[in-house]
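The block underneath contains the structure these notes are about, expressed in structure tokens.
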Amino acid sequence: MNTPTDDILKNLTEDQLTAVTHLDGPMLVVAGAGSGKTRVVTRRIAFLISQRIWPSQILAMTFTNRAAREMQERIGRLVGDVPRHVGTFHSCCARFLRQYVEALDDGRTKDFVIFDADDQKALLKQCLNDQPATGGLLPGAISDLISRAKSACLTPHDILAKEAWDNAETVLEVCQAYENRLRAQNAVDFDDLLLLVARLLRERPAIREIIHNHFRYLLVDEYQDTNHLQYELLKLLVNPANNNIHATGDPDQCIYSWRGADYSNIMNFEHDFPNAVIVRLEKNFRSSEHILNVASRLISNNLNRIDKTLIPAIAADDPQKVRLVTVGSDRDEGLWIARRIKTLHLNGNPYRTMAVFYRTNRQSRALEEALVRAAIPYQIIGGLRFYARREIKDLLAFLRLKVNPADRISLERVAAFRGGVGPKTLAAIEQCAREQHLEAFTLLCQPDFAHRWQKKNAKVLDFANWCRQLHDLPCTPVGQAVAAVHDFADFTHHAYDREGTPEARQENLQEMITNAIHYEREHDQAGLNEFLQEVALVADVDTHDLDRDTVIMMTLHCAKGLEFPYVFIAGVEEDYLPHANTVADPDQVEEERRLFFVGITRGREEVALLNARSRPSWDGDWGRQPSRFLRELPMDDIIHTTFNVNNPTVPKPTFRRW
DNA sequence: GGCGACCAATTTTTT
DNA sequence: ATTGGTCGCC
């Protein structure tokens, strides 16, 4: 008889089976690229459920929304029940925080809002403006400092002690002001989501106990990419009585050390969780032999690594060598890829079997053009994030203000959107609000605002009246709330001047309303703040529509965890891969090599690497050098060709010597 | 004090 | 190409 458990355990290797059926105690699965890691994680969750563990007792954390979604789908297919707590570190923490934030006693309430990178910078700019003599300090540099500090469980002070900064005193004051204002606005930044949960678990034993009793099994994906904060958080989350933590990862795929990922976490797992069972998955079920040879040789050039092999487990009839294509220019690069895609498609391969990877988002433009010209359908994953678009951020600002009147960043945005009230007037209103111990927006919404506002200029009274109407719009159901705000602010007729396509903006706004309606259908009781939380944490809403047959384009970082029969990696050149900003530091070059390794190991049947001899810079063409990594590859597994159609543009000399 | 016009700088990777 | 900042006008 075919019980669900048979399905869950079928087609697994012995090592995979060990990993799937492990029950209690810590386990680390060191899973090489293509060794069936996702399969192991999803099957194990299904297995736990089949062993009568309640789905709600399982907490599984990933790094990306896509990984979380995929995991949920695959579990759903194996067992009917999907654990509720499958999500990114950030979304899981947001959920805990929503529930327990008030125990922190720092003034934040469960209606807190999440500030994204843009909001963070806007807030820092305010802090900088309030400080005299902040000459030359950039919000970006400070937000970077704050984030680095938080993700390393340090203070900005600790970091400044080790680095030479100009006017360190001022920087620290700005950091302090930033934290104060976040708290005053009932807001948290991305790192706070994890940091505050860690603090709760550390400082509130009662909550720690609730969590420990609730979650019996903890799973972590991509353990090599955990930063120190995530590591601390995990140690606090796991119940010391059983140490049921199940981590999977591959040190060779650590590509996020720039944001604090520390693969010594995975190296130290045995030490941190004594008696851990370690399983190594080294058989590769994904790529052809040539691809694996190329990838293995490449990664063996990293000095800082434990030697590890990828054993090919599939034998293709006619394995394709890895193609190395040297093209004359970026236009040829796009053209070659487009032609190859066409050929593959004519041979019966759907577009969705092909993916184009690149190092930086800006490279996508030229490639996109080539695909458009060749009438090849494509989707770009990542890149300009939907919720970071101007019109979307505007609409969100209205919604956020309704949920949280203390959100001053949003109030500013809303005022700027409407016009008539600028920064100076707003500051005056804020001053007045402070005297009356109200938030500025709350003051504006008071029915007796006219009494409370001494200088009765008509513009401000108008604005207050308008704010009150905004405030009175319904917050539920979510779909209607979003639509109501959209109509109230008259987005349809808003003049977004001198910018490309007004139609695109209207479409985006419509999509936002549609998303809200969908969200409302799927989450019965959800309020506006839950919707806003979801929105803040979903990076790519123009997500990968699997139903559409298109070529997929994305950065190498985005590609981790995916696989495609046909893979193209563009711009395998010095300054892109390794990126120019990394070449001074050998450790960073090793990370670039891992990134390249991740890209190559995504391919099942054929991988093509392209390098252009010239590529336009902002002014004229610049010659380009092939990546140093290309010299490290085994030529027996590679076919090198050149391709020159568009006139190779000769690099202009930077100056003329006569 | 607000707003539009013009000019500069900008991009490594993401939750 | 897009955004952010500064200048001068209303």
Side-chain angles (χ1 to χ4, degrees), chain A residues 61-68 87-94 114-118 120-122 125 129 138-140 143-144 147 150-151 188-195 222 225-227 229-230 254-261 357-366 368-369 381-385 387-390 393 415-416 418-428 455 457 459-460 463 495-501 533-540 554-561 571 575-583 588 591-592 594-596 598-599 617-619:
Chain A
M61 292 199 282
T62 64
F63 278 82
T64 64
N65 292 297
R66 182 164 18 75
T88 62
F89 272 93
H90 291 83
S91 67
C92 291
C93 284
I114 301 167
F115 275 16
D116 69 12
D118 289 342
Q120 201 178 3
K121 288 215 188 76
K125 204 181 294 169
N129 286 339
L138 296 163
S143 70
D144 182 62
S147 178
K150 287 180 177 174
S151 49
V188 300
D189 63 28
F190 280 138
D191 299 306
D192 285 335
L193 290 169
L194 314 199
L195 187 69
E222 312 281 10
D225 277 325
T226 46
N227 61 34
L229 173 55
Q230 286 161 329
C254 175
I255 55 174
Y256 284 105
S257 61
W258 51 274
R259 97 180 176 195
F357 304 148
Y358 35 83
R359 176 66 177 82
T360 67
N361 278 308
R362 65 145 44 158
Q363 289 169 262
S364 69
R365 280 293 166 85
E368 227 181 317
E369 269 174 39
I381 310 297
L384 348 143
R385 292 156 39 180
Y387 287 108
R389 286 175 203 170
R390 169 93 95 77
K393 291 217 63 155
R418 178 179 179 272
V421 171
K424 287 283 159 65
T425 315
L426 215 48
K455 313 166 241 186
N457 40 357
K459 275 188 174 175
V460 176
F463 181 58
Y496 279 113
D497 43 15
R498 71 190 157 91
E499 267 154 86
T501 46
Q533 170 185 311
E534 171 101 353
V535 153
L537 295 176
V538 172
D540 40 294
M554 63 180 100
T555 63
L556 285 162
H557 281 89
C558 271
K560 193 171 66 163
D575 292 355
Y576 272 147
L577 196 67
H579 192 272
N581 295 359
T582 65
V583 290
Q588 289 190 54
E591 175 144 318
E592 297 288 300
R594 289 193 293 270
L595 191 56
F596 191 21
V598 165
S617 179
W618 31 81
D619 180 33

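Keep in mind that this is a model prediction, so the values were computed, not measured. Letters go in sequence order (proteins before strands), and every chain restarts at 1.
Atom CG of Asp144(A) is separated from atom P of dT15(B) by 17 Å (rounded to the nearest Å). When rounded to the nearest whole Å, the span between OH of Tyr358(A) and C1' of dT14(B) equals 14 Å. Straight-line distance from the CZ atom of Phe463(A) to the C1' atom of dG1(B): 15 Å, rounded to whole Å. Here dT14(B) presents its C1' atom at 11 Å from CD of Gln230(A), a figure rounded to the nearest Å. The CG-C1' distance, from Asp191(A) to dT14(B), rounds to 11 Å in whole Å. Regarding Arg389(A), its CZ atom lies at a distance of 12 Å from the P atom of dT2(C), rounded to whole Å. Spacing between atom CG of Leu595(A) and atom P of dT13(B) amounts to 11 Å, rounded to whole angstrom units. Rounded to whole Å, the distance from CG on Leu229(A) to C1' on dT14(B) is 15 Å.
Sequence order on DNA chain B of the closest nucleotides to Gln588(A) and Val421(A) puts Val421(A) first from the 5' end. Where Ile255(A) and Gly422(A) each meet DNA chain B at their nearest nucleotide, the meeting point lying more 5' is that of Gly422(A).
Of the candidates dG1(B), dT13(B), dT15(B), dG1(B) carries the atom nearest the Thr425(A) side chain, counting heavy atoms from C-beta on. Comparing dT15(B), dA1(C), dT13(B) by their nearest atom to the side chain of His557(A) picks out dT13(B). Closest to the side chain of Thr555(A), out of dT13(B), dT15(B), dT11(B), is dT13(B). Considering only the side chain of Asn361(A), dT14(B) comes nearest among dT14(B), dA1(C), dG1(B). The side chain of Pro423(A) lies closest to dG2(B), out of dA1(C), dT15(B), dG2(B).
The ring of Phe89(A) does not lie on top of the base of dT15(B); it is either too far (5.5 Å or more) or too tilted (30° or more).
Inter-residue side-chain proximity for Gln230(A) and Met61(A) is flagged as unmet; no heavy-atom pair is nearer than 4.5 Å. A 4.5 Å side-chain heavy-atom check between His579(A) and Leu595(A) finds every atom pair outside the cut-off.
Applying the ring-ring contact (aromatic ring centres under 6.0 Å, His included) test to Phe115(A) and every residue at least two apart in sequence or in another chain returns nothing. The ring-ring contact (aromatic ring centres under 6.0 Å, His included) test applied to Tyr576(A) returns no partner, not counting sequence neighbours.
Residue contacts for Lys125(A): at a heavy-atom cut-off of 4.0 Å it reaches the sugar-phosphate backbone alone, with no base atom in range. Within the nucleic acid shown, Phe63(A) comes within 4.0 Å of sugar-phosphate atoms alone, with no base atom in reach, counting heavy atoms only.
The phosphate of dT11(B) has neither OP1 nor OP2 within less than 4.0 Å of any side-chain N or O from Asn581(A).
The side chain to side chain donor-acceptor pair (under 3.5 Å) test with Lys150(A) is passed by exactly one of Asp191(A), Asp192(A), Asn227(A): Asp192(A).
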